[in-house]
4 protein chains.
Amino acid sequence: MKKPGENREFRKLPTAAARRQAVEKLTRAGLANIGAFTLSESAAATRNCENMIGAVQIPIGIAGPLPVVGAGGQITRYYLPLATTEGALVASVNRGCKAISVSGGAVAAAYRAGVSRGPVFRTEGLEANNRLFDYVDSHLEHFRKITLSTSGHLTLRDLDTKSTGRYRFVRFMFDSRDAMGMNMATIATDLIVRDIEAATGARCLSLSGNFCTDKKPAWQNFLNNRGYKVWAESLLNPDALRILRTTPEGIFETWLSKCMVGSAMAGSMGFNAQFANVLAALFLSTGQDLAHIAECAVGMTTMEVSGENLYVSVYLPDLMVGTVGGGTGLATQQEALSILGLVGGRDGENGLKLAEVMGAAVLAGEISLLASLSEGSLARAHQTLARGGKQIRQ
Amino acid sequence: MKKPGENREFRKLPTAAARRQAVEKLTRAGLANIGAFTLSESAAATRNCENMIGAVQIPIGIAGPLPVVGAGGQITRYYLPLATTEGALVASVNRGCKAISVSGGAVAAAYRAGVSRGPVFRTEGLEANNRLFDYVDSHLEHFRKITLSTSGHLTLRDLDTKSTGRYRFVRFMFDSRDAMGMNMATIATDLIVRDIEAATGARCLSLSGNFCTDKKPAWQNFLNNRGYKVWAESLLNPDALRILRTTPEGIFETWLSKCMVGSAMAGSMGFNAQFANVLAALFLSTGQDLAHIAECAVGMTTMEVSGENLYVSVYLPDLMVGTVGGGTGLATQQEALSILGLVGGRDGENGLKLAEVMGAAVLAGEISLLASLSEGSLARAHQTLARGGKQIRQ
Amino acid sequence: MKKPGENREFRKLPTAAARRQAVEKLTRAGLANIGAFTLSESAAATRNCENMIGAVQIPIGIAGPLPVVGAGGQITRYYLPLATTEGALVASVNRGCKAISVSGGAVAAAYRAGVSRGPVFRTEGLEANNRLFDYVDSHLEHFRKITLSTSGHLTLRDLDTKSTGRYRFVRFMFDSRDAMGMNMATIATDLIVRDIEAATGARCLSLSGNFCTDKKPAWQNFLNNRGYKVWAESLLNPDALRILRTTPEGIFETWLSKCMVGSAMAGSMGFNAQFANVLAALFLSTGQDLAHIAECAVGMTTMEVSGENLYVSVYLPDLMVGTVGGGTGLATQQEALSILGLVGGRDGENGLKLAEVMGAAVLAGEISLLASLSEGSLARAHQTLARGGKQIRQ
Amino acid sequence: MKKPGENREFRKLPTAAARRQAVEKLTRAGLANIGAFTLSESAAATRNCENMIGAVQIPIGIAGPLPVVGAGGQITRYYLPLATTEGALVASVNRGCKAISVSGGAVAAAYRAGVSRGPVFRTEGLEANNRLFDYVDSHLEHFRKITLSTSGHLTLRDLDTKSTGRYRFVRFMFDSRDAMGMNMATIATDLIVRDIEAATGARCLSLSGNFCTDKKPAWQNFLNNRGYKVWAESLLNPDALRILRTTPEGIFETWLSKCMVGSAMAGSMGFNAQFANVLAALFLSTGQDLAHIAECAVGMTTMEVSGENLYVSVYLPDLMVGTVGGGTGLATQQEALSILGLVGGRDGENGLKLAEVMGAAVLAGEISLLASLSEGSLARAHQTLARGGKQIRQ
């Protein structure tokens, strides 16, 4: 017998509307806005979200253009769709874009480190663990074939392995082209793991042994990378510094005391100002997995005073993004990607471009916030914007 | 003269529709779905998002009920609105809720550590730095009055200060009741900083010196807490373990090798399985600042085999959430909060409850995922769900 | 029946000579030099080292004088006894002392954070854990009395406590005056733990729960300090920079790229150049516990260009030293302490002074090495010195 | 004119005796014991220690035998010379050796990761940094030749490189056979760096960019290893557990709460009990560089209950030791190495063996201390031993 309030087995209800009604009845909440979505229910409910009752809406603001200089020297101007509820963020990034624009753009580069999955095995001890090492270490080509058998879009690039006691961890790195690829990597790793178990007698205790490391901040990802590693830089000229109302020496001093000394004094992996803000806003609009912010917000901003100019750079060691799969196929997310001109797969090119644009956008955010902080204007900006003021003082 | 592609000064355009049109023209993207929002544009565009062009939609699934045992022993059953694009997440949390339900519920407790802001000052050296210490250390009451002058909803609770060389960092901890409170804390800190500068001659290099630490993973927050610290636990009985298709010993072995040994081997601050997934889904639906996932996903899951039962707990040292301010006032977010019965302010009680519910939901996610991993079923579950399969095997 | 090669029960043999003979017989090693010690065998064999067979000799070099400016502005000149086998270290520290000397000395300050012991308790769960918190949190005075009952030289200053799941960790901070105090703290904590167990029913799983954190690098100690925290600084003038063959800008650039950016890129807790070298040499000569190098070598060097001068500082968040107890009473160690004028206890004053001198010596080491690195001379110096060359180019 | 107390230019004095006399005069300290050394002054003063005035003596105790099972299954029994001033340490390690002995010995294995040096370069920006990458990445063979030109005993094995902004860090990994090799590696890196500067125009800001990472705790070394990585394990039988006065479940519970949960709660890199104690004692007696304790004390102990037995293991990811060079050539240190049968070079074999023995000794220390803690006997043991008691209760 069911007690009141117990699981009504929402998944037996046929539609989001039916489930929404059930929730409204159970909780007396009115869910009209959650029900007012335009996403394809059949797609979302099967691929993205079980027990779907509707959708949450997050406002998108537009910033830019942000001129990004690619490998060949050609400049592409991007408009950035930033989904956020944090007042002042869009304005801040926009100001950074302007400063970068008047300085000739941001140079950005992304390198595909690959999506990783890191299972943990148990053996009887050192001797068996060495045998497991020998098998793993000598069967990369074999594992590549297994990987290909699971998906034509996935390539096993490399593996690394470490052991302690009876445990052995293996980190498989995959190339998933334009997809972020976590699910594909998991499926392939599952098959590889079965092969290893059969061949060596080792037992896999967990398909993910936190050695990946997925969705947690980890030095593993900072030092050995994951997803894309991305760099972006700009040499800000005096015009840019005027827009930012700061001086090369002033912003440098703020950066050094905050991003370097302050982060060290706080035991932080994030030697930056606001990577998380800009990444979260772009992850949201473009359909990325928001939980990856937990690992992707680490990284470093550097500065150098160059006469009357200021060199600024960002380094993102771990950026897990894609242009296909996950939430990227949903209607609003597709539109956001189309603002960037990066809809769908293009043999890995779109994923790389998205990573570069995100790096450049993060650079814009760093420039603007560090300039604000150097001028003591942060609090005033928040006061004005977050409380509904109409003026953005840039 | 404007060059083509330069900043069209979107913020001079009067409406989201006008800006959207401008973006469509500039990028040739069709933005019909982004434009199909029901949020109040006037509120969102002024408080949450400059240059607003519309909204992104993220599907919400419902999980639960999740019975949470409060301080007095009374049980409240919560339905969890989870906004996500990651197939299998809602089903996974739902299964965890069921396991907790048949075991009598989750005990949860939250403690308000407070929102922090940590500016950095520069002095001439050790002697001046000591004088700065003396002033800061002896003026807590004075700073409390300054804080109250900025908002009747904000109380300065405490401060901590550390120095290195010419730098001094001060970490102010505020009670912001039901609000997450970052903006309030920044405004108050700004005034306090002006007072300190005037009284001591020290110069504030940055209102945020990364000593807060805001939106970056940091041991500062893990060890000394931020926002709420939250615990949740459940003693899973054999019925629950049957639902989870695992044994106490099996899931314990997975937890130990992954969350403890594996996290240590990867240099991770996240001694858990998937805090980030559950937090991101609840942050999204209830209007929290998603960038805080960068710091809030750290924390620890522990297990202990108790005969035929399994004790499971989670500890979140740093949870930055609120029920008023930020994105919580938006229409869909208000509805999600109303599903939880936690709309608006209630003298700090709603914030605390939200923190407890999130802790219990995170517990459900840990239980379910670690059970899946211990059964080797993760990959299969993803294969079925993420590719649009209709069956969720629970 | 004993098998050959089994434990010969060295401790039953009456003297070091007898044990040495036994070892010589078992291993065919000649131990004449190990036997040629002048330490008091009766003292060392009972207090410092069971199964004593003799002593190892480590060469001591002398550096200095190092002028240290104390709180009242008075200058004390210290000669530093550095025990090391690393060629070039004494010469390097000596050069740093000279640079500091011509710049008017080093300002140093030490603050007693206290020696800590951090046991771990197990309870039945959250509710019992909260009761344990209540007891611990409200009985500081009671624990102080227990502490006093174990030693008149030990005072319990404070405690901090954190919990996860069924576990609770408590960090007790003691003032042990001129002693490093780890043993005293352990004995007092043992009694306190028994009191807590009796009063609350909680069970102590380990008198040291690694929450101390003793002899391992830990953010706990970096952020919340242990032993002494020490600062030292000097404003190097052009004469000093000439001695160091560098420029303010050159050495600053080396420091920033190495101690800040490099340490961050390597995930290091040591934002410095060679704290470990100088500390190990002084720990050895003055009878400190060498294992503490594992935790004491963390900390930070900072620099700032001030016109033609260079500001340099060091911050040691965790320095575990003393002038009584442990190895400080041995004959050669007493002599090394007498070179510093810091033999025996003086109501905590000698411990503080030793901490300050170590801070200033560490500063000298940083200045010299970073200058060497900025001039590319490190390798050449090592080449000359470590291979027995007669010339030290300073 | 010299002011009193200024640098007397000790290095101009011809002998340790003359310098000692000068120090005695300057400080009024009597240095008879420091002067009573048997080390070869001419060797020590030129190779190990400038401005030598004598030597410090540290008592050595003997523990063992410790049976170590090598790769082929053969057992070697080692007696451990432990130089320490910490009462109870030798007794503790000795008890661990006994427990291991009655369980059939410790299996140990060491792998040469190599000594590393990690310089930092500065370029003009991303483009130049990529060119630098291309050069470094494609010239491993060339760098190997340069390395060989500096020493026939040194081989460049591999390199890794990472960049941020204008900086590029390169980590060169060398095989230095039986030597710890830091000086050799520095000399070779210096030459390689000159080659890179000449070929690319990049400027080396520091021959050591803390990317090595030398003598600081760093995740770089934990995750990517340095020196030797070493494992040791033993399956303790009921006899051993009786000697240790504990049970498999009891000691497991202590280990889990302390080494895993406690270390995580303290933000420690040391997931162990007392690696630092045992390593410091063996580093001291065998002439290793004590400052390396700062990096070598990290690592992990694991346990598993196996019926009535207990599996215990240690993993040392970073052990910087050698049997030639540095302090290993000094008289007492040579004798300590001869106790181990590991004097001098043997084509890398002696270094490997020393690393294995150290791993096994560390295992003995872990077993004994964790057993003591599980029995609540730590404080009592310290009370008896450290205060000069005659009984060691084992």
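Every chain is numbered from 1 and lettered A, B, ... according to where its sequence line falls, protein lines coming before strand lines.
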Task: Among the listed options C:Asn224, C:Asp160, C:Asn129, the residue most often paired with chain B at heavy-atom distances under 4.5 Å - done: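 Looking at each option in turn, the highest pair count goes to C:Asn224.
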- [ ] Give the member of C:Ser163, C:Gly267, C:Pro317, C:Ala109 that has the highest number of heavy-atom pairs under 4.5 Å with chain B.
- [x]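 Maximum pair count with chain B is reached by C:Ser163.
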Open item on the list: Go through it in stages, so that I can follow the logic: the residues are C:Trp255 and C:Leu373, the test is side chain to side chain contact (heavy atoms under 4.5 Å, CB included), and I'd like the CA-CA distance, side-chain angles, deciding distance and then a yes or no.
Closed with: CA-CA 9 Å; C:Trp255 162 75; C:Leu373 287 166; over 6 Å; no
Do you know which of [options] has the most heavy-atom pairs under 4.5 Å to chain C?
| options | answer |
| --- | --- |
| B:Lys162, B:Glu304, B:Gln220 | B:Glu304 |
| B:Ala232, B:Gly299, B:Gly125 | B:Gly125 |
| B:Arg166, B:Met300, B:Met303, B:Glu127 | B:Arg166 |
| B:Thr302, B:Asn130, B:Thr164, B:Val312 | B:Thr164 |

Open item on the list: Pairing donors with acceptors under 3.5 angstrom, does anything connect the side chains of B:Ser234 and B:Ser103?
Closed with: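 No, no side-chain donor-acceptor pair sits under 3.5 Å.
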Task: Donor + acceptor pair across side chains of C:Arg168, C:Thr123 (<3.5 Å) - done: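 Side chains of C:Arg168 and C:Thr123: no pair found under 3.5 Å.
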- [ ] Please name the residue in the list B:Thr213, B:Asn221, B:Asp214 that meets the side chain to side chain donor-acceptor pair (under 3.5 Å) test with B:Arg226.
- [x]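 With B:Arg226 as partner, B:Thr213, B:Asn221, B:Asp214 yield a single side chain to side chain donor-acceptor pair (under 3.5 Å), made by B:Asp214.
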Task: Which portion of B:Tyr311 sits near chain C, non-hydrogen atoms under 4.5 angstrom - done: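 It is the side chain, since no backbone atom gets that close.
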Task: Which portion of B:Ser306 sits near chain C, non-hydrogen atoms under 4.5 angstrom - done: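 When you check distances to chain C, only side chain atoms of B:Ser306 fall under 4.5 Å.
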Task: Part of C:Arg171 within contact of chain B (heavy atom distance under 4.5 Å) - done: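 Contact with chain B involves no heavy atom of C:Arg171 at all.
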Open item on the list: Does any backbone or side-chain atom of C:Asn225 lie under 4.5 Å from a heavy atom of chain B? Answer side chain, backbone, both or neither.
Closed with: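 When you check distances to chain B, only side chain atoms of C:Asn225 fall under 4.5 Å.
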TODO: Please confirm whether the backbone N or O of C:Gly348 pairs with a side-chain atom of C:Arg112, one donor and one acceptor, at under 3.5 Å?
DONE: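 Checking the backbone N and O of C:Gly348 against the side chain of C:Arg112, a donor-acceptor pair under 3.5 Å is found.
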Open item on the list: Checking the side chain of C:Glu197 only, and the main-chain atoms of C:Arg203 only, is there a donor and an acceptor separated by less than 3.5 Å?
Closed with: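 Judged by distance alone, no pair lies under 3.5 Å.
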TODO: List the steps and the verdict of side chain to side chain contact (heavy atoms under 4.5 Å, CB included) for C:Val305 and C:Leu310.
DONE: CA-CA 5 Å; C:Val305 177; C:Leu310 178 79; 4.3 Å; yes
